[in-house]
Q: 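Take this structure, written in structure tokens, and hold onto it; I'll ask about it next.
Reckoned from all heavy atoms, side chains included, excluding hydrogens, waters and symmetry mates. Since the model is a prediction, treat every value here as computed from it, not as a measurement.
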Amino acid sequence: MEHHMSSPTRAMIMAAGLGTRMRPLTNAVPKPLVKVGGKALIDHAIDRLAAAGVTTIVVNLHYKADMLKAHLADRKDVELLYSDETDGLLGTGGGVAKALQYFGSEPFFIHNSDTIWIEGFGMALERMKQRWDPDAMDGLLLMAAMINSVGYEGVGDFLMDSEGRLKRVPPGRVSPFAFPGVQIVHPRLFENAPKGGFSTNVLWDRAIEKERLFGIRLDGLWIHVGTPQAVAEADELLADLAPAA
């Protein structure tokens with residue numbers, strides 16, 4: 001029963017970015033409203049979080065904020081709150097730090113607005129909830145195997161041991177995993193966080209030192225939607241996988 005109590009029911013969707021790599025699509029709309037498979041990216045994220053039992057979602061806003069709010073006004077299935085960054089972007093860490101008041105002392109999901117995946121065995125967010133252990137962890141990151149990733153061009157983000165503990169990739173090594181932009185964090189991850197804008201990487205490194213940053217493997221296919229080309233590829237992929245009508 002105790003386990004159930006610690007399951008996150010709140011989330012933050014990172015939706016403030018400029019989406020410069022997504023131009024020209026983002027000249028007209030903010031990146032979270034770019035459609036993939038006929039549905040805005042942010043709706044893919046909200047649908048998944050709602051299906052995993054999340055009832056309150058904080059969305060940070062900066063670029064074309066009014067357009068995003070107008071689009072989300074139709075969503076009645078979850079409570080939506082907004083964290084306004086129109087005065088200046090705060091980065092992945094600063095954006096969450098500004099919104100911490102909405103989470104109290106409860107763990108919560110952080111979900112990038114440009115990440116979608118095709119589920120494999122089980123539902124990724126449900127598996128994360130089951131793996132989450134607030135006593136041992138400050139953060140639990142979804143990890144996508146590079147071989148099951150589409151549209152990602154980096155060299156991977158972390159090494160993961162048999163227990164799921166994460167470490168940085170030493171120089172000259174390549175990681176088999178990329179971070180697809182979904183994590184569960186405990187508010188304590190943000191204790192003594194830098195002021196203003198900063199990257200979550202700063203906090204992850206602190207958690208790694210304490211051996212309190214963990215990963216869980218995505219049992220599916222991650223589609224990184226970072227460019228117009230990637231949007232086209234994702235559309236094709238989702239169309240191929242859609243059950244024939």
Q: Measure the CG-CE distance between Asp219 and Met123 for me, rounded to the nearest 0.5 Å.
A: 12.5 Å
Q: Mind listing the closest non-hydrogen atom pair of Ser199 and Thr92 along with its distance?
A: CA-OG1, 3.4 Å
Q: Please name all residues satisfying side-chain contact (heavy atoms from CB on, under 4.5 Å) with Pro187, sequence neighbours left out, ordered by chain then number.
A: Phe108
Q: Determine whether Met160 and Met128 fall in the same hydrophobic cluster, where Ile, Leu, Val, Met, Phe, Trp and Tyr are linked whenever their side-chain heavy atoms lie under 4.5 Å apart.
A: no
Q: Is a donor on one side and an acceptor on the other found under 3.5 Å between the side chain of Asn60 and the backbone of Ser83?
A: no
Q: If you compare all heavy atoms of Leu68 against all heavy atoms of Pro30, which two are closest, and at what distance to 0.1 Å?
A: CD1-CG, 4.3 Å
Q: Between Glu106 and Arg10, is any pair of side-chain heavy atoms under 4.5 Å apart?
A: yes
Q: Once side-chain contact (heavy atoms from CB on, under 4.5 Å) is applied, do any residues pair with Glu163, and if so which ones, sequence neighbours excluded?
A: Asp161, Arg165
Q: Do Val59 and Leu125 share a hydrophobic cluster (ILVMFWY, side-chain heavy atoms under 4.5 Å, transitive)?
A: yes
Q: If every non-hydrogen atom of Leu159 is compared with every non-hydrogen atom of Pro176, which pair is closest and at what distance?
A: CD2-CD, 4.1 Å
Q: Below 3.5 Å, can you tabulate the donor-acceptor pairs from side chains in residues 135-148 to any protein atom, sequence neighbours excluded?
A:
| residue | atom | partner | partner atom | Å |
| --- | --- | --- | --- | --- |
| Asp138 | OD1 | Arg188 | NH1 | 2.7 |
| Asp138 | OD1 | Arg212 | NE | 2.9 |
| Asp138 | OD1 | Arg212 | NH2 | 3.3 |
| Asp138 | OD2 | Arg212 | NE | 3.3 |

Q: Side chains of Trp117 and Glu119: any donor to acceptor distance under 3.5 Å?
A: yes
Q: Walk me through it: do Ile116 and Leu238 pass the test side-chain contact (heavy atoms from CB on, under 4.5 Å)?
A: CA-CA 10 Å; Ile116 52 178; Leu238 292 172; 4.2 Å; yes
Q: If hydrophobic clusters are built from ILVMFWY residues whose side chains come within less than 4.5 Å, do Leu90 and Ile110 share one?
A: no
Q: Asp157 side chain to Ala178 main-chain N or O, any donor-acceptor pair under 3.5 Å?
A: no
Q: Could you report the tightest heavy-atom contact between Leu166 and Gly215, atom names first, then the distance?
A: CG-N, 3.6 Å
Q: Please report the closest heavy-atom contact between Ala230 and Val225, naming both atoms and the distance.
A: CB-CA, 4.1 Å
Q: Could you list all the ring pair (Phe, Tyr, Trp, His ring centres under 6.0 Å) pairs where at least one residue sits in residues 38-69, not counting sequence neighbours?
A: none
Q: With a 6.0 Å cut-off (strictly less than), is the heavy-atom count around CD of Glu126, excluding the residue itself, greater than 12?
A: yes
Q: Working to the nearest 0.5 angstrom, can you tell me the gap between Leu213 CG and Leu189 CG?
A: 7.5 Å
Q: Contact between Val231 and Val34 at the side-chain level, heavy atoms closer than 4.5 Å - yes or no?
A: yes
Q: Can you tell if the side chain of Val174 reaches within under 4.5 Å of the side chain of Val169, non-hydrogen atoms only?
A: no
Q: Go through the steps for Glu85 and Leu61 under the test side-chain contact (heavy atoms from CB on, under 4.5 Å), then give the verdict.
A: CA-CA 5 Å; Glu85 291 179 36; Leu61 302 171; over 6 Å; no
Q: Listed by chain and number, what are the side-chain contact (heavy atoms from CB on, under 4.5 Å) partners of Val78, not counting sequence neighbours?
A: Ile46, Ala50, Ile57, Leu80
Q: Is there side-chain contact between Asn192 and Arg206, with heavy atoms separated by less than 4.5 Å?
A: yes
Q: At their closest point, which heavy atom of Leu41 faces which heavy atom of Met22, and how far apart are they?
A: CD1-CE, 4.4 Å
Q: Taking the side chain as every heavy atom from C-beta outward, state whether Pro194 and Val202 have any pair of such atoms under 4.5 Å apart.
A: yes
Q: Do Ile42 and Met14 sit in the same hydrophobic cluster, where Ile, Leu, Val, Met, Phe, Trp and Tyr count as joined when their side-chain heavy atoms come under 4.5 Å apart?
A: no
Q: Quick test of your reading: applying salt bridge (Lys or Arg N to Asp or Glu O under 4.0 Å), list the pairs with at least one residue in residues 13-30, sequence neighbours left out, ordered by first then second residue.
A: Arg21-Glu153
Q: Side chains of Ser7 and Lys129: does their closest heavy-atom pair fall under 4.5 Å?
A: yes
Q: Tell me, which pairs form a side chain to side chain donor-acceptor pair (under 3.5 Å) where one or both residues lie in residues 166-180, sequence neighbours left out?
A: Arg168-Asn201, Arg168-Asp205
Q: Show which side-chain atoms of residues 95-103 pair as donor or acceptor with protein atoms under 3.5 Å away, not counting sequence neighbours.
A:
| residue | atom | partner | partner atom | Å |
| --- | --- | --- | --- | --- |
| Lys98 | NZ | Asp84 | O | 2.6 |
| Tyr102 | OH | Tyr82 | O | 3.4 |

Q: Please identify each residue that fulfils side-chain contact (heavy atoms from CB on, under 4.5 Å) with Lys35, with sequence neighbours left out.
A: none
Q: Would you mind reporting whether Ile118 and Ile223 have side-chain heavy atoms less than 4.5 Å apart?
A: yes
Q: For residues Leu33 and Met67, determine if any side-chain heavy atom of one lies less than 4.5 Å from a side-chain heavy atom of the other.
A: yes
Q: By the ring pair (Phe, Tyr, Trp, His ring centres under 6.0 Å) test, which pairs, at least two apart or in different chains, include something from residues 200-222?
A: Tyr152-Trp222, Phe158-Trp204, Phe179-Trp204, Trp222-His224
Q: Working to the nearest 0.5 Å, report the span between CZ of Arg217 and CZ of Arg127.
A: 9.5 Å
Q: Which pairs pass salt bridge (Lys or Arg N to Asp or Glu O under 4.0 Å) with one or both residues in residues 174-183, sequence neighbours excluded?
A: none
Q: If Ile, Leu, Val, Met, Phe, Trp and Tyr residues are connected whenever their side-chain heavy atoms lie under 4.5 Å apart, and connections chain through other members, are Val185 and Leu81 in the same group?
A: yes
Q: Take Phe109 and Val54 through the test side-chain contact (heavy atoms from CB on, under 4.5 Å) and record every step on the way to the result.
A: CA-CA 9 Å; Phe109 280 104; Val54 168; 3.7 Å; yes
Q: Check whether more than 12 heavy atoms from other residues, nucleotides or ligands sit under 6.0 Å from atom CG of Asn27, and answer yes or no.
A: yes
Q: To the closest 0.5 Å, what do you measure between CG (Leu18) and CG (Leu89)?
A: 5.0 Å
Q: With sequence neighbours left out, write down each residue that passes salt bridge (charged side-chain N to carboxylate O under 4.0 Å, His left out) with Asp43, or none if nothing qualifies.
A: Arg75
